[in-house]
Trainee: 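So that we are looking at the same thing, I have put the structure below in C-alpha cells.
Quick note: numbers below take in every heavy atom, side chains included, and nothing from hydrogens, waters or symmetry partners.
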Number of protein chains: 2
Amino acid sequence: MSSRAGGKQTTTIYDVAEKAGVAPSTVSRAFSRPGRVNAETAERIRTIAAELGYRANPQARALSTTRTGMLAVVLADVTNPVFAEVVRGAGRACDHAGYTMLLAETEESAEKERAMVDRALGSVDAIVLSSSRMSDAAIRQVAKVEPLVVLNREVAGVPCVLVDFEPAMRRITEHLLELGHRQVTYVAGPEASWADGMRWRGLRAATEELGLRLRRVGPVAPTVAGGQTAVVDWDAHRTSAVVAYNDMVAIGVIRRLTTLGVRVPQDVSVVGFDNTPVGELVTPALTTVAAPLRALGETGASNALALARGARSRATEPVRLPTRLIARGSTAEARS
Amino acid sequence: MSSRAGGKQTTTIYDVAEKAGVAPSTVSRAFSRPGRVNAETAERIRTIAAELGYRANPQARALSTTRTGMLAVVLADVTNPVFAEVVRGAGRACDHAGYTMLLAETEESAEKERAMVDRALGSVDAIVLSSSRMSDAAIRQVAKVEPLVVLNREVAGVPCVLVDFEPAMRRITEHLLELGHRQVTYVAGPEASWADGMRWRGLRAATEELGLRLRRVGPVAPTVAGGQTAVVDWDAHRTSAVVAYNDMVAIGVIRRLTTLGVRVPQDVSVVGFDNTPVGELVTPALTTVAAPLRALGETGASNALALARGARSRATEPVRLPTRLIARGSTAEARS
DNA sequence: ATGAAAGCGCTAACAC
DNA sequence: GTGTTAGCGCTTTCAT
C-alpha cells in the first residue's frame with residue numbers, strides 16, 4: 001500500500017511483487033502476457049493481487065504503451081433519440097472490447113467540435129464522429145493523426161459507415177405508388193446536412209424511375225416547428241403525398257395540415273424518417289423508415305477500435321447498413 | 001519531434017525546451033504555473049509550443065499529478081430522454097471546467113454498473129451516478145474511494161442532488177383539486193425506483209392534507225405498455241383523476257382509456273411526470289411536471305468536480321432542485 | 001526565476 | 001520463465 005499525492009491509497013505492482021516474492025516485471029507480465037509466465041506463478045500473483053485489491057493504473061500503462069483504452073464518440077446532440085441510439089451502440093462495442101467511452105457533445109458548433117476532438121486526441125485510441133459539422137478537409141486531417149471513423153457521412157479516404165439511403169427512399173416511393181399516389185413533395189431538412197442531401201437524391205432517383213412527380217420545399221429546421229412552416233409551401237402546389245426529412249418534420253406537417261382541415265391520411269399521406277419512438281405515439285401513427293441506429297454506432301465503434309489495434313483499413317469502401325419501411329397510419333390510398 | 005511506440009508523432013516538453021533554450025521544467029511551469037516564470041520567457045515558450053504543435057500528454061501529466069481531468073457519468077439508459085438531458089447538463093459542466101466526460105451505460109444491471117464504476121475508478125477524478133441500481137452500502141463504498149455525487153437518490157453520507165418531489169406532488173394535487181377532483185389514483189412505477197417512492201409519498205402527503213381520496217395501483221413498467229396494463233386496476237375502483245409515475249405511463253393510461261371509450265380529459269384527467277418531449281405531441285397533450293433535468297446533471301457534475309478539487313463537502317445536505325407544473329390538455333374539470 | 005534530478009506506475013528490451 | 005534496467009512525458013522538490 002503506497003499512497004499517492006492525491007491522498008488516494010493505491011496498491012502498485014511493487015506491493016504485489018514484494019508479497020509474491022517475484023520481480024515487478026513478472027507481475028506486469030502476469031496481467032498483460034499471461035502466456036509468458038509460469039501458470040502457477042501467475043495464479044499466485046493474481047490471488048495476491050486480488051487480496052491486496054490491486055488495480056493497474058491506466059495512466060501509467062498508457063504512458064508506456066501509448067494505448068489508453070478509450071474511444072471518443074463525438075456528436076451534436078445526445079438529446080436527439082437518433083444519436084442516443086448511436087451512443088448506445090457505440091457503448092456496447094466499447095464495453096465488449098474492454099474499452100471506455102468518452103462522450104463529447106458539440107451542440108451543433110463546428111468550433112466546439114474541433115476543440116473537443118482536439119482535447120480528446122491525446123486521450124483516446126480512436127474516434128467516432130457522428131454528426132460532424134467539420135469540413136471534409138478537417139476530418140481527413142484528424143484521421144491522419146488518429147484512427148477515425150465517420151458515421152452517416154461520406155468523406156473520401158476516411159472509413160465511414162452509413163445508412164443506405166437509396167433503397168430506403170426507393171421503398172418509400174414504391175409504398176406511395178402502391179397506394180396510388182402520383183405526386184409527392186419532399187420537405188427538406190437542414191441544408192448542411194449530408195443526410196438530407198442523400199435522402200433528396202435518393203427520392204429523386206426513385207420517383208423519376210417509377211414515374212412520380214416530385215417537388216421539393218424547404219429547407220426547414222429538423223423539428224416539429226420546421227415541419228409546420230413547410231406546409232404553406234406545400235399548399236402552393238398540393239400533392240397527395242409528403243415525404244419529410246425526418247419524423248419530427250413529418251409530425252409538424254401533420255399537425256399543421258390537421259389545423260388546416262386537411263385530413264391525414266385520408267386527404268394526404270405523410271412519411272417520416274428515423275422511426276423515432278414518438279412516431280407510434282402520435283395520431284395518426286407515423287409511416288417511417290427504421291434505420292439501424294444502434295448498429296451504426298456499434299459497427300462504427302468497433303471498426304474504429306479495429307483500426308486502433310492496427311487493422312489498417314485497406315479499401316475504404318463505406319459500410320452501408322440496411323433500413324426497413326414501417327407502414328403505419330399516416331399513409332393510405334390516394335383519393336381518386 | 002520525437003516519435004512514440006504507436007507510430008504517432010508527438011512533440012514533447014523536451015522538444016519545446018530545446019528550441020526555446022530553457023530547461024524542460026521551465027516549459028512545464030510555463031503551462032501549469034504561469035505565475036512562477038518570467039513573463040517574456042513564458043510567452044516565448046508558448047509561441048514555440050504553438051509552432052511545434054505541442055500538446056501535453058494527459059497520461060503523463062496524470063501519472064505525476066493523480067488528476068486525469070475526466071469525470072465519469074454512469075446511468076442506466078441514454079435512450080431515455082430524461083437521462084439524455086442529464087447527460088447534456090453534465091457535459092456542459094465538464095466542458096466548462098475543462099474536463100472530459102466519460103459515459104457508462106449500465107442498461108439497468110447492477111453488476112454491469114459495478115463493473116463500469118470499477119473500471120472508471122482509476123481513470124477519473126470524480127463520478128456522477130445517475131440512476132444507480134447499486135445498494136446504498138455499495139455506493140457509500142465507492143464514495144470512500146473517489147469523489148462521488150448521486151443524482152435523484154438520497155444516500156446518507158453521500159452528496160446528492162435531487163428533484164424536489166414534494167412540492168411537485170403538492171402542485172399536482174392542488175391543480176386537481178382546483179379542477180374539482182376528489183379522488184385520484186396513482187399508477188406506480190418500478191418498485192426499486194427511489195423516485196417512485198418519493199412521488200408516492202409526496203402525493204400521499206399532499207392528498208391527505210388537502211382532503212383528496214388516494215388509491216394506488218401497480219407497480220408497472222415505466223413504459224407505455226406499463227401504463228396500459230394499469231388501467232384494468234383503475235377500472236376496479238374508478239377515480240376521476242389519475243397521476244402516473246411518468247409521462248410514458250401516462251400516455252399508456254390515456255391510450256387504454258381511449259380504447260375503452262373513456263374520454264380524456266372529459267371523463268378522467270391524467271397527469272404525467274418529467275415533461276418529456278413527446279408529452280406535447282400526443283393527443284391530448286399531457287399535463288405534467290417539468291423537472292430541471294439539465295440542471296440536475298449540471299450541478300451534479302460541477303459538485304463532483306468541486307469535490308475532486310478538494311472541496312470536502314461539509315454538510316451533506318442534499319441539493320434539491322425545483323420543478324414546475326405544466327398544465328396541458330390531459331386534465332380538465334371533473335364532471336359533476 | 002530557472003536548472004538539475006528524482007520519481008509517478010507501468011511496460012519493454014535485454015540478459016541470464 | 002524470470003530478473004534487471006531503462007525509459008514513457010510530465011511535475012516537483014531542491015538547489016542555485
Side-chain angles (χ1 to χ4, degrees), chain A residues 1-46 48-49 52-69 121-123 125, chain B residues 1-46 48-49 52-69 121-123 125:
Chain A
M1 286 289 194
S2 60
S3 72
R4 298 197 297 183
K8 287 191 214 168
Q9 296 303 307
T10 310
T11 305
T12 72
I13 220 178
Y14 299 105
D15 302 319
V16 177
E18 185 176 345
K19 186 153 180 185
V22 298
S25 60
T26 303
V27 176
S28 172
R29 279 192 276 258
F31 286 103
S32 40
R33 257 167 228 14
R36 299 198 200 282
V37 60
N38 183 316
E40 293 171 26
T41 317
E43 188 45 34
R44 185 159 43 91
I45 289 177
R46 260 191 292 273
I48 293 181
L52 262 40
Y54 167 74
R55 326 242 13 142
N57 178 322
Q59 283 74 42
R61 196 204 290 280
L63 188 54
S64 43
T65 59
T66 338
R67 335 198 76 237
T68 61
L121 269 182
S123 312
D125 296 341
Chain B
M1 284 291 193
S2 61
S3 73
R4 299 196 295 183
K8 288 190 213 168
Q9 295 303 307
T10 310
T11 305
T12 73
I13 221 178
Y14 299 106
D15 302 319
V16 178
E18 185 176 347
K19 185 151 181 185
V22 298
S25 57
T26 302
V27 175
S28 172
R29 279 191 276 257
F31 286 104
S32 40
R33 256 169 236 4
R36 298 196 200 283
V37 60
N38 183 314
E40 293 171 25
T41 317
E43 189 45 36
R44 185 159 43 93
I45 289 178
R46 259 190 293 274
I48 293 180
L52 263 40
Y54 167 74
R55 326 244 11 144
N57 177 323
Q59 283 74 43
R61 196 202 292 279
L63 187 54
S64 43
T65 59
T66 337
R67 336 198 74 238
T68 61
L121 269 183
S123 311
D125 295 341

Trainee: Nearest-Å distance, CZ (B/Arg67) to C1' (D/dT11)?
Mentor: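 Rounding to the nearest Å, CZ of B/Arg67 and C1' of D/dT11 are 13 Å apart.
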Trainee: Whole angstrom is fine here: how far is it from CD1 in B/Ile13 over to C1' in D/dC8?
Mentor: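 Value for this atom pair: 13 Å.
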Trainee: Are B/Ser25 and C/dT2 close enough that a side-chain N or O sits under 4.0 Å from OP1 or OP2?
Mentor: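 No, B/Ser25 has no side-chain N/O under 4.0 Å of OP1/OP2 on C/dT2.
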Trainee: Rounded to whole Å, how long is the line connecting atom CZ of A/Arg29 with atom C1' of C/dC14?
Mentor: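 Checked: the CZ to C1' distance equals 11 Å.
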Trainee: Side-chain donor or acceptor of A/Ser28 under 3.5 Å from a matching atom on the base of C/dA12?
Mentor: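 Side chain to base: no pair below 3.5 Å.
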Trainee: What are the two closest non-hydrogen atoms of A/Ala20 and A/Arg44, and how far apart are they?
Mentor: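 Minimum heavy-atom separation between A/Ala20 and A/Arg44: O-NH1, 2.6 Å.
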Trainee: Without decimals, in angstroms, what is the distance between B/Leu63 CG and D/dC8 C1'?
Mentor: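 Checked: the CG to C1' distance equals 9 Å.
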Trainee: Nearest to the side chain of B/Thr65, which nucleotide is it out of C/dT2, D/dT11, D/dG3?
Mentor: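 So the side chain of B/Thr65 is nearest to D/dT11.
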Trainee: Would you say B/Arg36 reaches C/dA1's phosphate, i.e. side-chain N/O to OP1/OP2 under 4.0 Å?
Mentor: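 Looking at the OP1 and OP2 atoms of C/dA1, neither is under 4.0 Å from any side-chain N or O of B/Arg36.
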Trainee: With heavy atoms under 4.0 Å as the rule, sort A/Val27 into base, sugar-phosphate or nothing.
Mentor: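 If one applies the 4.0 Å heavy-atom cut-off, A/Val27 turns out to touch nothing in the nucleic acid.
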Trainee: Find the distance between CD1 (A/Ile48) and CD (A/Glu18) and round it off to the nearest 0.5 Å.
Mentor: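 Rounded to the nearest 0.5 Å, the CD1-CD separation comes to 11.0 Å.
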Trainee: Using the rule side-chain contact (heavy atoms from CB on, under 4.5 Å), only one of B/Thr41, B/Val22, B/Asp15 pairs with B/Val27; which is it?
Mentor: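 Passing option: B/Val22.
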Trainee: To the nearest Å, how far apart are B/Arg55 CZ and D/dG9 C1'?
Mentor: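 Those two atoms, CZ and C1', are 15 Å apart.
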Trainee: Which one, C/dC10, D/dC10, D/dC8, comes nearest to the side chain of B/Tyr54?
Mentor: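 The listed nucleotide nearest to B/Tyr54's side chain is D/dC10.
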Trainee: Assess whether one donor atom and one acceptor atom, taken from the side chain of B/Thr41 and the base of C/dT2, lie less than 3.5 Å apart.
Mentor: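 No pair found.
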Trainee: Could you check how far CD of B/Gln59 sits from C1' of D/dC10, rounded to whole Å?
Mentor: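 From B/Gln59 CD to D/dC10 C1': 11 Å.
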Trainee: State whether the distance check finds a donor on one side and an acceptor on the other, under 3.5 Å, for side chain A/Arg33 versus base D/dG1.
Mentor: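 No, the side chain and the base share no sub-3.5 Å donor-acceptor pair.
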Trainee: For A/Ile45 and C/dC10, give me the distance from atom CD1 to atom P, rounded to whole Å.
Mentor: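 After rounding, the reported distance stands at 13 Å.
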Trainee: Please name the pair of heavy atoms, one in A/Ala17 and one in A/Ala23, separated by the smallest distance, quoted to 0.1 Å.
Mentor: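 Heavy atoms of A/Ala17 and A/Ala23 come nearest at CB-C, 3.9 Å.
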Trainee: Counting the atoms with a prime plus P, OP1 and OP2 as sugar-phosphate, which does A/Phe31 contact under 4.0 Å by heavy atoms, base, sugar-phosphate, or nothing?
Mentor: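 Result for A/Phe31 = nothing.
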Trainee: Closest approach to the side chain of B/Ala60, judged atom by atom: which nucleotide of D/dG7, C/dT2, D/dG9 is it?
Mentor: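 Nearest to the side chain of B/Ala60 among the choices is D/dG9.
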Trainee: Side chain of A/Asn57, heavy atoms from C-beta onward: which of C/dT11, D/dT12, C/dG9 has the nearest atom to it?
Mentor: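 Out of C/dT11, D/dT12, C/dG9, the nucleotide with an atom closest to A/Asn57's side chain is C/dG9.
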Trainee: Please determine whether any donor N or O and acceptor N or O are separated by less than 3.5 Å between the side chain of A/Tyr14 and the base of C/dC8.
Mentor: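 There is none.
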Trainee: Calculate the interatomic distance between A/Arg61 atom CZ and C/dA12 atom C1'; express it in whole Å.
Mentor: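 Checked: the CZ to C1' distance equals 13 Å.
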Trainee: When rounded to the nearest 0.5 angstrom, what distance separates CG in A/Leu52 from OG1 in A/Thr12?
Mentor: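 Separation between the atoms: 9.0 Å.
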